[in-house]
**Q** 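One structure follows; several queries about it will come next.
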Amino acid sequence: MYALLAAGPDSTTAAVQLRNDDGTPASAARTVSRAQLPQTVRELEDAHRPRWVWDRAGNWYPQLLEGSVRVEKCHDLALCQNLLLFSEFAAATGYAGQATPLPPETMAPIAASAPTGQDSLFDAPAAANAPQAWGLDSVFRELSAQKLAVNSATHPSRLTLLLIAESAGALVAAEMQHAGIPWREQLHRRLLQDLLGPEPAGHTRPDKLEAMAVELRAALNAPSLNPDSPQDLIKALHRAGIDAKSTRSWELMEFKHPAIEPLLAYRKLSRLFTTNGWNWLEQWVHDDRFHAEYVVGGVVSGRWASKGGGAMQIPAQIRGAAVADPGYTFVVADAAQLEPRVLAALAQDSAMAAAGQDGAGHNKDLYAGIAAQGFGGDRSMAKIALLGAIYGATTGESGRLVPQLARMYPRALNYVEEAARAGERGERVSTYLGRSTPPVSPEWLAGQRSTTADEQRRAEAAARSRGRFTRNFVVQGTAAEWALCWLAELRRRLRALPGPSPAAGAGRAAGAEMVLFLHDEVMVHAPLEQAEEVTRIMHESSRRATELIFGRIPLEFPVNVTVVQCYADAK
DNA sequence: TTTTCCGGCGCG
DNA sequence: AAAGCGCGCCGGAAAA
């Protein structure tokens, strides 16, 4: 059963209609006011558990969540359209000519972050192409076109799974955004006070940061140095006899000079102050919750991105401020060596798979397994080699170790090599479930036909660069699909847990809910008594995700789970 | 003045 | 040890 949802005749109303799986109407279209919508959705959800079909989850779901209404499943037309327009699996279906341009995002961002020029530039073309009214008929037409495309694609079942998982991701993202990460403002302030000193007034540096700047100026004998200016800094470094090409910290660490230590210390503190200091707290944390904003499929590979507050770059330094509510705990899980395992599965490399399983068919540390098979037991060496193979390293330690890996696992290495060669030729590559790279630009292709020696060198560099991108894309993208399926399965199981019991007392607003997702890591905020059950669910969902994508294979995708009160204690 | 780019660094 | 993928955010520098 589908429930189609679209804007009504005017912006204060919404239109809803039930459709059977074959597309025939199961109810008349009704128009309800926006204020009434949550109640209407709740009733339909309870009665039919339909798959909600909407232009994009972000235009509807946050409002429903505000009204305490959750839905089980949806079909996000915008996300699915984006997948189908690019997917090689659907390239021959003629979908591109059938797709209906979607309406723009209409919801205001969660926090009052100033809209940037980038946003308006990004939204403008979509708004210009979108029809004035995106009503139920548009929703139905687009859904039908997408279903047709999937059914006539080269791998219908894979693409179906991908669209379902991506849509589930849209629900998870909105729900996590709604819940927010438990974030203790007072703890964060104490942390800042300890590291930086008291909150500075106006636009001055905090005491300890300024002290570090003073020390640095003295060490460099540069009284007027602005340590935030790279140009200023590199000049001062040269004058002090430090012959660095850049001011990157790993390069500076090579030099022995009394200025290096204060400089690195300044950098570290400065970053904390500017990125996750008092201003950040003010802007993003309210009522002890950090409301992250996720962008599903925001990365070409299908990974999520985030905007505002840097939800996916929370530094270890401040994770101590993320503490579970009283009576609650965090259950934090991360997939162990996800990308290498994905590579082994993609390439069906049984030797590499065997390195990740013990004799009894149980998982073990993949890097350690590979190290035992060919790197004299040196785990870090095996890790560097494997990551180098996935990223396309050619020089350095990583580049030197890759050939050894290629001898051990020709199938796996061949798989990423093929992807790289295809990318260099300007071809597109796809993940296992059918997310494809964007086509190369005409300029890129034209560049490849250069004639002069200089142009040719640049073209070759561009080709190699694209090869590294496509090489990594197949692995990173399929890993993102695994994570998406894991999330979807987690969500399904968490929803089945008993909710907060009224007897538990005041302040118990929520049951177990996901509050953070970080590519291969997920954090659930759960009532203490459900910690064990949630832990079990983490493992179970991982097994199910693997089976959904790859079927039954002789390789597991284990997750490490920790139950902690504070995010800083995870791992 | 405003907008865009870039270096540097946080995360995976 | 430091070069090899994908991002977002910040401040300063360059471009408009």
Side-chain angles (χ1 to χ4, degrees), chain A residues 113-114 116-118 120-121 203 205 226-234 244-254 263-264 266-277 279-280 283-284 292-295 297-319 334-340 342-343 380-381 383-402 416 419-420 423 429 431 435 437 464-480 483 516-522 567 571:
Chain A
S113 61
T116 66
Q118 264 186 337
S120 51
L121 276 175
H203 292 284
R205 288 195 182 98
N226 171 12
D228 295 323
S229 162
Q231 294 180 344
D232 232 21
L233 192 56
I234 193 96
K245 289 190 291 298
S246 74
T247 69
R248 284 193 282 259
S249 35
W250 64 261
E251 196 185 329
L252 295 176
M253 279 190 267
E254 306 288 297
L263 173 52
L264 298 180
Y266 177 89
R267 279 270 172 81
K268 191 93 185 149
L269 285 182
S270 169
R271 176 155 180 114
L272 173 64
F273 172 56
T274 57
T275 306
N276 295 106
N279 290 340
W280 181 87
Q283 189 171 8
W284 300 107
E293 191 176 341
Y294 292 101
V295 185
V299 180
V300 267
S301 64
R303 276 185 171 186
W304 292 11
S306 70
K307 63 180 175 195
M312 301 182 99
Q313 298 108 247
I314 301 171
Q317 238 175 349
I318 61 162
R319 292 186 180 187
D334 77 299
Q337 308 109 31
L338 178 56
E339 293 193 356
V342 161
L343 172 56
S380 66
M381 224 187 231
K383 182 175 177 177
I384 287 169
L386 199 40
L387 293 178
I390 294 172
Y391 292 156
T394 53
T395 60
E397 188 187 5
S398 186
R400 280 196 304 279
L401 293 174
V402 170
V416 282
V429 297
T431 60
R435 189 185 309 261
T437 53
R464 280 194 302 274
S465 169
R466 186 159 191 282
R468 288 193 299 273
F469 165 62
T470 52
R471 170 198 298 268
N472 186 251
F473 180 93
V474 294
V475 178
Q476 186 184 111
T478 305
L516 177 140
F517 173 58
L518 212 50
H519 309 310
D520 61 357
E521 175 181 339
V522 58
Y567 186 30
K571 283 188 198 173

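Chain letters run A, B, ... following the sequence lines, proteins first, then strands; residues in each count from 1.
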**Q** Rounded to whole angstroms, how far apart are CG on A/Leu252 and P on C/dA2?
**A**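 Atom-to-atom, A/Leu252 to C/dA2, this comes out as 15 Å.
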**Q** Hey, what do you get for CD1 (A/Ile390) to CZ (A/Phe473), rounding to the nearest 0.5 Å?
**A**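 One finds 15.0 Å between CD1 of A/Ile390 and CZ of A/Phe473.
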**Q** Do A/His519 and A/Gln476 come within less than 4.5 Å of each other through their side chains, counting heavy atoms only?
**A**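 With C-beta onward as the side chain, the pair stays apart.
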**Q** Starting the side chain at C-beta, find the nucleotide from C/dG6, B/dG12, B/dG8 nearest to A/Val299.
**A**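 Looking only at heavy atoms from C-beta outward on A/Val299, the closest nucleotide is C/dG6.
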**Q** Measure the shortest side-chain to side-chain distance between A/Tyr294 and A/Leu516 over non-hydrogen atoms and say whether it is less than 4.5 angstrom.
**A**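 Heavy-atom side-chain distance check passes, below 4.5 Å.
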**Q** Has A/Thr470 got a side-chain atom pairing as donor or acceptor with A/Gly467's backbone, closer than 3.5 angstrom?
**A**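 Yes; at least one donor-acceptor contact below 3.5 Å.
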**Q** Give one of base, sugar-phosphate or nothing for A/Ser270, where a contact means two heavy atoms less than 4.0 Å apart.
**A**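 Result for A/Ser270 = nothing.
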**Q** Does the side chain of A/Thr247 come under 3.5 Å of the side chain of A/Arg267 through a donor N or O and an acceptor N or O?
**A**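 A donor-acceptor contact under 3.5 Å links the two side chains.
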**Q** Ignoring backbone atoms, test whether A/Ser249 places a side-chain nitrogen or oxygen under 4.0 Å from the OP1 or OP2 oxygen of B/dC9.
**A**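 Checking A/Ser249 against B/dC9: at least one side-chain N or O falls below 4.0 Å of OP1 or OP2.
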**Q** Inspect the surroundings of CG in A/Asn279 and state if more than 12 heavy atoms from other residues, nucleotides or ligands are less than 6.0 Å away.
**A**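 Atom CG in A/Asn279 is not packed in, count stays at 12 or less.
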**Q** Take the protein atom CD of A/Gln476 and the nucleotide atom P of B/dC11, then report the distance between them rounded to whole Å.
**A**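 After rounding, the reported distance stands at 17 Å.
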**Q** So what is the 5' to 3' dot-bracket string for DNA chain C, if pairs are Watson-Crick or G-U wobble with both distances under 3.5 Å, crossing pairs use [ ] and | means the partner sits on another strand?
**A** ....||||||||||||
**Q** Measure CD1/A/Ile384 against C1'/C/dG4 and give the value in whole Å, please.
**A**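 For the pair A/Ile384 CD1 and C/dG4 C1', the rounded distance is 12 Å.
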**Q** Ignoring hydrogens and angles, tell me if any N or O in the side chain of A/Thr478 forms a donor-acceptor pair with the backbone of A/Thr431 under 3.5 Å.
**A**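 Not confirmed, A/Thr478 side chain does not pair with A/Thr431 backbone.
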**Q** Taking only nitrogen or oxygen atoms into account, show me every contact under 3.5 Å that the protein makes with nucleotides 9-12 of chain C, one pair per line with its distance.
**A**
unit_1, atom_1, unit_2, atom_2, d
C/dC9, OP1, A/Gly308, N, 2.3

**Q** Touch check for A/Arg400, heavy atoms < 4.0 angstrom, all strands: base, sugar-phosphate only, or nothing?
**A**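 Contact class for A/Arg400: none.
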**Q** Counting side-chain heavy atoms from CB outward, which of C/dG4, B/dG12, C/dA2 is closest to A/Trp250?
**A**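 Output: C/dA2.
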**Q** Taking the side chain from A/Trp280 and the backbone from A/Gly309, do they hold a donor-acceptor pair closer than 3.5 Å?
**A**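 At least one qualifying donor-acceptor pair exists.
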**Q** CG of A/Asn276 versus C1' of B/dC9: gap in Å, rounded?
**A**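 Distance check: A/Asn276 CG to B/dC9 C1' gives 12 Å.
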**Q** Taking the side chain as every heavy atom from C-beta outward, state whether A/Pro340 and A/Lys383 have any atom pair closer than 4.5 Å.
**A**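 A/Pro340 vs A/Lys383: side chains apart.
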**Q** Let me know the distance between CZ of A/Phe469 and P of C/dA3, rounded to the nearest Å.
**A**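 Distance, rounded to whole Å: 23 Å.
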**Q** So, OP1 or OP2 of C/dA2: does either fall under 4.0 Å of a side-chain N or O from A/Ser398?
**A**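 For A/Ser398, the contact criterion (side-chain N or O under 4.0 Å from OP1 or OP2 of C/dA2) is not met.
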**Q** The side chain of A/Pro315 is closest to which nucleotide in this list: B/dG10, B/dG12, C/dA2?
**A**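 Within the option list, the nearest is B/dG10.
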**Q** Walk me through whether A/Lys245 and A/Glu254 qualify under salt bridge (Lys or Arg N to Asp or Glu O under 4.0 Å).
**A** CA-CA 12 Å; A/Lys245 289 190 291 298; A/Glu254 306 288 297; over 6 Å; no
**Q** So, does A/Arg303 get its side chain near the phosphate of C/dC7, meaning an N or O under 4.0 Å from OP1 or OP2?
**A**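 So the side-chain polar atoms of A/Arg303 never come under 4.0 Å of the phosphate oxygens OP1 or OP2 of C/dC7.
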**Q** Could you please name the option among B/dG12, C/dA2, C/dC5 that lies closest to any side-chain atom of A/Asn472?
**A**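 Minimum distance to the A/Asn472 side chain belongs to C/dC5.
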**Q** Which listed nucleotide (C/dA2, B/dG10, C/dG8) is nearest to the side chain of A/Ala305?
**A**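 In terms of side-chain proximity for A/Ala305, the closest of C/dA2, B/dG10, C/dG8 is C/dG8.
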**Q** C/dG6 P sits how many Å from A/Arg466 CZ, rounded?
**A**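 After rounding, the gap between these two atoms is 11 Å.
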**Q** Which of the following nucleotides, C/dA1, B/dC9, C/dG4, is nearest to the side chain of A/Arg267?
**A**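 Of all the options, the side chain of A/Arg267 is nearest to B/dC9.
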**Q** Would you kindly give the CD-to-C1' distance between A/Glu251 and C/dA3, to the nearest whole Å?
**A**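 Checked: the CD to C1' distance equals 13 Å.
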**Q** Tell me the interatomic distance from A/Leu233, atom CG, to C/dA13, atom C1', rounded to whole angstroms.
**A**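 Going from CG in A/Leu233 over to C1' in C/dA13 covers 15 Å.
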**Q** When we call it a touch if two heavy atoms are under 4.0 Å apart, what does A/Val475 touch: a base, just sugar-phosphate, or nothing?
**A**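 Nothing, no heavy atom under 4.0 Å.
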